[in-house]
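Notes for the one structure printed next.
Note: hydrogens, waters and symmetry copies are ignored here, and every other heavy atom, side chains too, is used.
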Amino acid sequence: MSATASFTVPSPHGPRPVTLSYARVGRGEPLLLLHGIGHHRQAWDPVVDILATERDVIAVDLPGFGASPALPDGLAHDLPTTTAVLAAFCAALGLERPDVAGNSLGGLLALELAREKRVRSVTALSPAGFWSEAERRYAFGVLLAMRGIAQRLPLPLVERLSRTAAGRTALTSTIYARPARRSPEAVVAETLALARATGFDRTLRAGTTVRFTDDLPGTPVTVAWGTRDVLLVRRQGVRAKQIIPKARLVRLPGCGHVPMNDDPALVARVLLDGSR
């Protein structure tokens, strides 16, 4: 069920109000799901029903993405601020050290929350922040191109393309290894989400200097990487394992950068195993 949570976050100029949109379903221990840049919480839809059989699943739209408005003046769309916003969101929902799973930017945010001892476990799917400078520039260039295309395509054309496997491939093959499996409705919705994301430019700009370089002793960490990820290549998973030596590194065969739709059963199992 869709809902919103409103709370305040400290800023240099005093508390600022923030509202995040989220969906919550299932019962059990809480599992917070964080999507990637330019996406929305519906990226997790292919796995939510499986997860909800065992867990209280909370999928949130990050600030300036999906149905969540951008952060107000005085709050930057950077890693420390977004991490603080998510911590305040958890407090508002009464989630004390939940298990967290994230994809891409969401994976990096999950690891940041772990670094601050705010989570019980992390499962990061192709997390950002383990790139070389050349890999980061490449990924950001691709993301900017995807955003530009999404903003220029007229909605009737997006809808027409979404009705064929070839059209869905043209629109989403950068993030999915099996784009034809995505439903037409989902492809239209996520193309619009990318085009309309009010937090995209500021979030991407803030990421230019980001690297994740800290071990996370005491927190169970799973890092999973799709073997067909063409946005953040899978050797970055090896770097993640070097930085977090006790992390479990998992291959996702045949999966792309956003693996939830490519192999829902496998991704759900990885998430459940990583958060036991």
Take Arg181 and Tyr176 through the side-chain hydrogen bond (donor to acceptor under 3.5 Å, both in side chains) test and state the conclusion after the steps. CA-CA 9 Å; Arg181 292 186 178 182; Tyr176 299 122; over 6 Å; no

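Classification of Arg228 and Asp262 as a salt-bridged pair fails, no side-chain N sitting under 4.0 Å from a carboxylate O. Taking the charged nitrogens against the carboxylate oxygens, Arg163 and Glu185 have no contact shorter than 4.0 Å, which rules out a salt bridge. Comment: Glu54 engages Arg276 in a salt bridge, judged by a side-chain N to carboxylate O separation of less than 4.0 angstrom. Ion pair Arg234/Asp229 not flagged as a salt bridge, since none of the NZ, NE, NH1 or NH2 atoms sits closer than 4.0 Å to an Asp/Glu carboxylate oxygen. Between Asp214 and Arg115 there is a salt bridge, since at least one side-chain N of the basic residue sits less than 4.0 Å from a carboxylate O of the acidic one. Salt-bridge annotation for Glu135 and Arg239: present, with a side-chain N of the basic residue lying under 4.0 Å from a carboxylate O of the acidic one. Between Arg205 and Asp78 no salt bridge is recorded (no basic side-chain N to carboxylate O distance below 4.0 Å).
A donor-acceptor pair shorter than 3.5 Å can be found between the side chains of Ser6 and Thr19. Between the side chains of Thr191 and Arg196, not a single donor N or O lies within less than 3.5 Å of an accepting N or O. For the residue pair Arg55 / Ser275, a side-chain donor-acceptor distance below 3.5 Å is found, with atom types taken as modelled. Side-chain contact of His39 with Glu190: a donor-acceptor pair under 3.5 Å is present, judged by distance alone.
Taking CE from Met146 and CZ from Phe200, the interatomic distance works out to 8.0 Å, rounded to the nearest 0.5 Å. The distance from the CZ atom of Phe212 to the CG atom of Leu79 is 9.0 Å, given to the nearest 0.5 Å.
Note: the hydrophobic cluster containing Ile37 does not contain Leu192 (ILVMFWY, side chain heavy atoms under 4.5 Å, direct or indirect links). Leu144 is connected to Leu232 through a chain of hydrophobic side-chain contacts under 4.5 Å among Ile, Leu, Val, Met, Phe, Trp and Tyr, so both are in one cluster.
A 6.0 Å sphere centred on CD of Glu133 holds more than 12 heavy atoms belonging to other residues, nucleotides or ligands.
Side-chain contact check for Leu109 versus Thr83: some heavy-atom pair is nearer than 4.5 Å.
Taking the side chain to side chain contact (heavy atoms under 4.5 Å, CB included) definition, one finds that Pro220 meets it with Ser121, sequence neighbours left out.
Within the structure, ring-ring contact (aromatic ring centres under 6.0 Å, His included) pairs that include any residue of residues 242-276 do not occur (at least two apart or interchain).
For the pair Arg136 and Phe140, the cation sits on the ring face: its NZ or CZ lies under 6.0 Å from the ring centre, inside 45° of the axis.
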